[in-house]
Trainee: 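Pasting a structure below so you can have a look.
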Amino acid sequence: MFENLISPFVEFEFMRRALVGSIALSMAGAPVGVFLMLRRMSLTGDAMAHAILPGAAIGYLLAGLSLGAMTAGGLIAGIVVALASGAVARFTALREDATLAAFYLISLALGVTIVSLRGSNVDLLHLLFGSVLALDDATLLLLAAISTLTLFIFALLYRPLVMETLDPGFLASVSGAGAPTQLIFLCLVVLNLVGGFHALGTLLAVGIMMLPAAAARLWVADVTLAIAIAMGIGIVASYLGLVISYKAGVPSGPVIILVCGGIYLLSLLFGRSSGLIRLLRPRWHLEA
Amino acid sequence: MGASRRSPGIECGAVAGSLVGNIMSAALRFRDLTLGYDRHPAVHHLDGEVEQGALLAVCGPNGAGKSTLLKGIAGVLKPIGGKIERGGFAARDIAYLPQAAEIDRSFPISVFDMVSMGYWRAAGLFGGIGRDKRQRVFDAIAAVGLTGFEDRTIATLSGGQMQRMLFARLLLQDSPIILLDEPFTAIDAKTMQDLLDVVGRWHHEKRTVIAVLHDFEMVRAHFPHTLLLAREKVAWCGTSDALSAENLLKARRICEAFDREALECERVA
């Protein structure tokens, strides 16, 4: 037992680093994912991930595999897309999904064009699938810092964010916090995706946000609890995913997301709040 | 606005829109107020005052600018022309119940938490809700007849229960001016009576209440003053005078005459 579950982390430093990094990602990803889901923006994370990719690729082109350049590139591309689509959605007739689709497609096309102009063969595999087993000190610090900052900002903006999601008209009538809350939230999404792509890659970084959030919602009908449960699911999945990938000799990033997916499927069946079995099981209705 | 130039509304007797020399101070004052969308006015050159503690119904045909006027007062919509004076209050101190609240009813939140949102102005980002405030949340929920629903999620509420809950939230906002946009549509008689009791309580507490309503019987029974609006002010006075057959006909005529090729309004402020 010990052999399988603990010893990989005792023996190898890279496993410990991978665990710490993915726990940091899970903790910050949980509230981001839960609010993305509640705001019906589950696919926004995916779109934002595409928007970040060209920025990171340009950073890579200019400075090679440098943490700073790729992070900055991704952040800039992501935040420009987030701010522009948020602003357009607020001030024009277009809804957020339409504007985001427009802006991320522009960003993606622009990025691909720039890369092909330079004619160099970028190793996009690192960006796409991450390297959770090769986290150096700087990357780990970046992940921890992003996680801390995200949780702090969520503590600060929790009430307006809940109100903006639940009843934006009411928030607008009592406070001007709506617009800044929306934009800061989008920036947090970008920040976490940029953090996530170092460990899991841009595509899978969305997974550790959305899958635990969706699974948690199947168990409880309360936002705060859903966030806590999503964090738990993310952490458990990170640990199990690393153990399984170590034993089976398969890439860790995808396995972590697969474990998240497994937990999601189980929740879909057994979830206490709206799982399928609960819905199928015939129960006598109450008197009132 | 082609043919009709300035058409001043009827101001009847002592209870006219502008109560000059009245000892009560005005809670709201409209000065040549024009509100609208895309340069098209929905409320056109409105003048008048709402005295403090007034219980005012706003009536008029569909498209008369009633909801637009409330949006303007609540500060959600900026005037195209003229201004609204709020007697020292900020727009955000005004409690506003929109006609079709954009509430995400699938959001996992309890009735208690939703009602507590009424404390936003008092509590802000971090302010706690202590024991006495919690008690007042329970009191507000009881006042609208929802006791026992505190822990239910809002997704399980019926339309009438939802409206009761929104009234409880308005109660907690503890606002001097309360705007209600068609608060009693699609609501049964019992719920309506309970919510009217709440409105009566606000009136008794000398709060200013402005409600957009279509049910003239109810307006005649419960609202002493009425503003009959048809983009222009048609009448603003005691309810029985304002809702005369002649005024209602006039209001309908004005609203039907929509001019696609409207010229720039030449009235000078």
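Any value given below was found using the heavy atoms of this structure, including those in side chains, with hydrogens, waters and symmetry copies removed.
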Trainee: Quick check on A226(A) against chain B: is it the side chain, the backbone, both or neither that has a heavy atom closer than 4.5 Å?
Mentor: neither
Trainee: State whether the number of non-hydrogen atoms from other residues, nucleotides or ligands found under 6.0 Å of D132(B) atom CG is greater than 12.
Mentor: yes
Trainee: Could you state the interatomic distance from CG (L166(A)) to CG (D113(B)), rounded to the nearest 0.5 Å?
Mentor: 10.0 Å
Trainee: Does atom CG of L265(A) have more than 12 heavy-atom neighbours from other groups under 6.0 Å away?
Mentor: yes
Trainee: So for L97(B), is it side chain, backbone, both, or neither that comes closer than 4.5 Å to the heavy atoms of chain A?
Mentor: neither
Trainee: Please classify the contact of T165(A) with chain B as side chain, backbone, both or neither, using a heavy-atom distance under 4.5 Å.
Mentor: both
Trainee: Select one option (side chain, backbone, both, neither) describing which atoms of S175(B) are under 4.5 Å from chain A's heavy atoms.
Mentor: neither
Trainee: Counting only heavy atoms from other residues, nucleotides and ligands, does the tally under 6.0 Å from CZ of F152(A) exceed 12?
Mentor: no
Trainee: Find the distance between CZ (F170(A)) and CE (M114(B)) and round it off to the nearest 0.5 Å.
Mentor: 8.0 Å
Trainee: Among the options S175(A), P168(A), S173(A), G169(A), pick out the one with the most heavy-atom pairs lying under 4.5 Å from chain B.
Mentor: S175(A)
Trainee: Calculate, to the nearest 0.5 Å, the distance between atoms CG and CH2 belonging to L171(A) and W120(B) respectively.
Mentor: 6.0 Å
Trainee: Measuring heavy-atom distances to chain A, does R105(B) have an atom under 4.5 Å in its side chain, in its backbone, in both, or in neither?
Mentor: neither
Trainee: Who wins among E102(B), M117(B), R169(B), R121(B) for the most heavy-atom pairs under 4.5 Å with chain A?
Mentor: R169(B)
Trainee: Counting only heavy atoms not in Y264(A) (residues, nucleotides, ligands), do more than 12 fall under 6.0 Å from its OH?
Mentor: no
Trainee: Side chain from CB out, backbone as N, CA, C, O: work out which of these in R40(A) comes under 4.5 Å of a heavy atom of chain B, or both, or neither.
Mentor: side chain
Trainee: Is L156(A) close to chain B through its backbone or its side chain, or both, or neither, when contacts mean heavy atoms under 4.5 Å?
Mentor: both
Trainee: Quick one: what part of V162(A) sits under 4.5 Å from any heavy atom of chain B, side chain, backbone, both or neither?
Mentor: both
Trainee: Measure the shortest side-chain to side-chain distance between S116(B) and R159(A) over non-hydrogen atoms and say whether it is less than 4.5 angstrom.
Mentor: no
Trainee: Heavy-atom distance under 4.5 Å between the side chains of P108(B) and V223(A), does that happen here?
Mentor: yes
Trainee: Heavy-atom distances under 4.5 Å only: say whether A123(B) touches chain A with side chain, backbone, both or neither.
Mentor: both
